[in-house]
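See below for the structure under consideration.
Counting from 1, the numbers follow the sequence of the chain as shown.
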Amino acid sequence: GCASALGHLNGASQSEVIAYSTAQLAMCERYRNVIAFDLSNEIIGEGTGTGLSEAQCIAYAAAMYAALKPLTKIPLGFSHSYGWGDSRVASFASYCDYHDFHVYQGTTGVPAPLDIDAMMAADPGKPLLIGEYGIPLSESSGDRAAFYRAVRELVQRPGVDGALAW
């Protein structure tokens with residue numbers, strides 16, 4: 001599940017988003033197949049796109065996590081567009097149970113294993129999920145196959161818990 005995207009809140013206050021997210025989490029708790037819950041979609045990109053600073057996005061993450069973590073056993077996190085680097089991973093380390101990265105060919109490329117290692121080293125022991133990945137159908141079938149093979153190789157690395165095609 002996903003609670004919100006900062007770019008789509010339409011003026012809702014953080015307390016309103018927390019109330020909405022609390023209701024979503026209560027619903028998700030009833031299902032065994034809910035494995036994680038993103039508290040915000042692509043938090044830095046969505047947040048800075050609405051005029052928030054990166055520091056305000058991190059403060060939003062801290063408040064959301066503090067309010068909702070005591071209410072659930074479901075792992076909580078925030079999704080990030082790939083290209084973040086280790087310093088941004090570290091800045092969210094205290095406010096998530098896992099890191100969720102979105103990887104698309106044509107905008108950021110496939111992360112190299114060393115990039116994944118650096119991100120995992122920035123917050124050791126925390127699982128990493130590739131929560132979205134994809135490549136445009138306009139790319140050649142060979143390029144699409146190579147992209148999907150590269151993502152599959154990343155998923156097989158220790159500490160990477162899976163990937164969801166988008």
Quiz item: Roughly how far, to the nearest 0.5 Å, is the CD1 atom of I74 from the NZ atom of K69?
Solution: 9.0 Å

Quiz item: Under 4.5 Å between any side-chain heavy atoms of H102 and N41, yes or no?
Solution: yes

Quiz item: Taking the side chain as C-beta and beyond, is there a heavy-atom pair between F37 and C28 under 4.5 Å?
Solution: yes

Exercise. Heavy atoms only: give me the nearest F92-A61 pair and the separation to one decimal.
Key: CE2-CB, 3.3 Å

Quiz item: Hey, what do you get for CZ (R144) to OG (S138), rounding to the nearest 0.5 Å?
Solution: 8.5 Å

Exercise. Please report the closest heavy-atom contact between A63 and I18, naming both atoms and the distance.
Key: O-CD1, 4.3 Å

Quiz item: Looking only at heavy atoms, what is the nearest atom pair of D97 and P127, with distance?
Solution: O-CD, 3.4 Å

Quiz item: Quick one: CG on D100 to CG on L129, what's the gap to the nearest 0.5 Å?
Solution: 5.0 Å

Self-check item: Heavy-atom closest contact (L71 atom, E29 atom, distance)
Solution: O-OE2, 4.1 Å

Quiz prompt | Minimum heavy-atom distance L68-S21, with the two atoms named | solution = CD1-CB, 3.5 Å

Quiz item: Do Q56 and Y60 have a side chain donor and acceptor closer than 3.5 Å?
Solution: no

Quiz item: With distance as the sole test, does K126 use its side chain to make a donor-acceptor pair with the main-chain N or O of M120 at under 3.5 Å?
Solution: no

Self-check item: Distance (rounded to the nearest 0.5 Å) between E132 CD and L164 CG
Solution: 8.5 Å

Quiz prompt | Candidates D123, L128, I35, D38 - the one meeting side-chain contact (heavy atoms from CB on, under 4.5 Å) with Y98 | solution = D38

Quiz item: Quick one: OH on Y95 to CG on L76, what's the gap to the nearest 0.5 Å?
Solution: 14.5 Å

Quiz item: Does any N or O in the side chain of S40 come within less than 3.5 Å of the main-chain N or O of F78, such that one atom is a donor and the other an acceptor?
Solution: no

Practice problem: Identify the heavy atoms of M64 and L39 that sit nearest to each other, and give their distance. | Solution: CE-O, 3.9 Å

Report all side-chain donor-acceptor pairs from residues 146-154 shorter than 3.5 Å, counting only partners two or more places apart or in another chain.
none

